[in-house]
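Encoded as structure tokens, the structure appears first; notes follow it.
The chains referred to below are lettered A, B, ... by the order of the sequence lines, with proteins before strands, and numbering in each begins at 1. Because the structure is predicted, anything quoted here is derived from the model rather than measured.
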There are 2 protein chains.
Amino acid sequence: MSSVPAFKRLPRAVREQQMLDAAVKVFSRRGFHAASMDEIAEDAGISKPMVYAYLGTKEELFVACLHREGTRMMQAIAGAAAPDLPADERLWRGLRAFFGFVGAHRDGWAVLYRQARGEQPFAGELATMRARLVEVVAGMLDHALRADGREIAAIDLEVVAYALVGATESLADWLADHPDAEPEKTATRMMNVAWLGAAQLLHGVTWRPPAD
Amino acid sequence: MSSVPAFKRLPRAVREQQMLDAAVKVFSRRGFHAASMDEIAEDAGISKPMVYAYLGTKEELFVACLHREGTRMMQAIAGAAAPDLPADERLWRGLRAFFGFVGAHRDGWAVLYRQARGEQPFAGELATMRARLVEVVAGMLDHALRADGREIAAIDLEVVAYALVGATESLADWLADHPDAEPEKTATRMMNVAWLGAAQLLHGVTWRPPAD
DNA sequence: GCGTAACCCTACGCACGAGTAGGTATGCTC
DNA sequence: GAGCATACCTACTCGTGCGTAGGGTTACGC
């Protein structure tokens, strides 16, 4: 009679992924606090204690989500922007991969990311990820500069990179809120804003405040 | 005996401001959810029911904070960037005012703003404010374009403006996290990234994706 | 000086949701 | 097929914190 159990038993690795899928979905929809562990468990087709057994507390679960999605994103970018390309080409491919990723995970990644910015417990995790991005961008700029025989203070580079990353994140938000927008086009627009400005800087053109 | 009450009674308008001050402080420190109405009340030197009587529920209180601080910021910007100035001058003054404001309210405005991004209930309020900013920036770009005899699709303008606003917000975050950074210098850096790129666009220089 | 409105309090009710205790079934190993 | 680990469940406890009931006190108009 019980030869076919209503719901089959699955190995841990599989269930963990299902739970993470559900968690990303629910966290995105409701936000970290409004999301309940019960709903996540139900959505994963499992009971709550299993979630605790496998992924730990609510905070740990959220961090796990952030980590998995963040890693996927970084891989998407890294896979697209080979380090031996010229800077503008790298930037372009990186941006295209980034917006492509966000576009394909509209209600996952972007929202998760947004959540994490507000809550202190996750500031660390977030900062790490952003720092890696900033580092990559700053490295690209620096590389291009040296090839041009010029040099800029590291802090300035970091701030510029920060601004570029910020602008990109912002457009990612915009993309997440506009279901019909095309990721590719968004990336092009970002290039227009970012690279034209950055290219000027790289060629030694700077803006100075008026004497006033 | 009771000629000098331990704590004096104050008119509503005054108490409301005190409550809002306390609320901004606590919301910033703890985040929306972790902040408790009790703590806010205590910090304001008043009891909880008064807060409910004057400012309503926790959500309404948060919106009130957001609204007051947002209005102050907009005024600071509007007061600095007179509409009859040339576009670059306006942008510069607006940015300087903005970063000045954020710098002066490091643990108030920026953190509050960050909070609001994550929680759905406030998305509307936030979107309204950002939309006003985007509109202003887009208007500046558009104005500069027309003066140059050129024209760009409204959507493109909006997206560019969005990116600029995003970059600016991002640097505001950076500023909030770096107590020693100078707002003025940050504004200059932002100008470098933003205006040099925007200026190129305004002069008809655009970046196009490689045939690939 | 007396009523009334505004200011302010001490206590509670109550829902919600994180996390757990304790137990059952299933498959795998030898 | 006995033993054991792994997958899985139902049914709780318990803290936390929002929001309120109900009542006291000071100022102000008349």
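- For A/M50 and C/dG22, the CE to C1' distance is 15 Å, given to the nearest whole Å.
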Could you go over nucleotides 28-30 of chain D and give all protein N or O partners under 3.5 Å, atom names and distances?
none

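- Comparing C/dC8, C/dA18, D/dG19 by their nearest atom to the side chain of A/S36 picks out C/dA18.
- At a non-hydrogen distance threshold of 4.0 Å, nothing from residues 58-67 of chain A comes into contact with DNA chain D.
- OP1 or OP2 of C/dC7 lies within a sub-4.0 Å distance of a side-chain N or O belonging to B/Y54.
- Within residues 12-35 of chain B, the residues having any heavy atom closer than 4.0 Å to DNA chain D are, in order of number, B/A35.
- Between A/E69 and A/Y113, every side-chain heavy-atom pair lies at or beyond the 4.5 Å cut-off.
- In this structure, CE of A/M37 is placed 19 Å from P of C/dC16, rounded to the nearest angstrom.
- Taking atom CG of A/D38 as the reference point, atom P of D/dC12 lies 15 Å away to the nearest angstrom.
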Show which side-chain atoms of residues 180-191 of chain A pair as donor or acceptor with protein atoms under 3.5 Å away, not counting sequence neighbours.
from   : atom 1 : to     : atom 2 : distance (Å)
A/T186 : OG1    : A/E182 : O      : 2.9
A/T188 : OG1    : A/E184 : O      : 3.0
A/R189 : NE     : B/D156 : OD1    : 2.6
A/R189 : NH2    : B/D156 : OD1    : 3.2

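- The aromatic rings of A/F101 and A/W109 sit perpendicular, their planes meeting at an angle over 60°, well past the 30° parallel limit.
- One can place CZ of A/R9 at 10 Å from C1' of C/dT24, the figure rounded to the nearest angstrom.
- Remark: B/E135 does not engage B/R132 in a salt bridge, criterion side-chain N to carboxylate O under 4.0 Å.
- In terms of the side chain to side chain donor-acceptor pair (under 3.5 Å) criterion, residue partners of B/Q17 (sequence neighbours excluded) are, by chain and number, B/R68.
- Between B/H105 and B/L112 the shortest side-chain heavy-atom distance does not fall below 4.5 Å.
- When rounded to the nearest whole Å, the span between NZ of A/K48 and C1' of D/dT13 equals 11 Å.
- Contacts of A/R117 classified as side chain to side chain donor-acceptor pair (under 3.5 Å), with partners at least two apart in sequence or in another chain: A/E169, B/D173.
- Between B/P11 and B/P49, the residue anchored nearer the 5' end of DNA chain C, judged by the nucleotide with its closest heavy atom, is B/P11.
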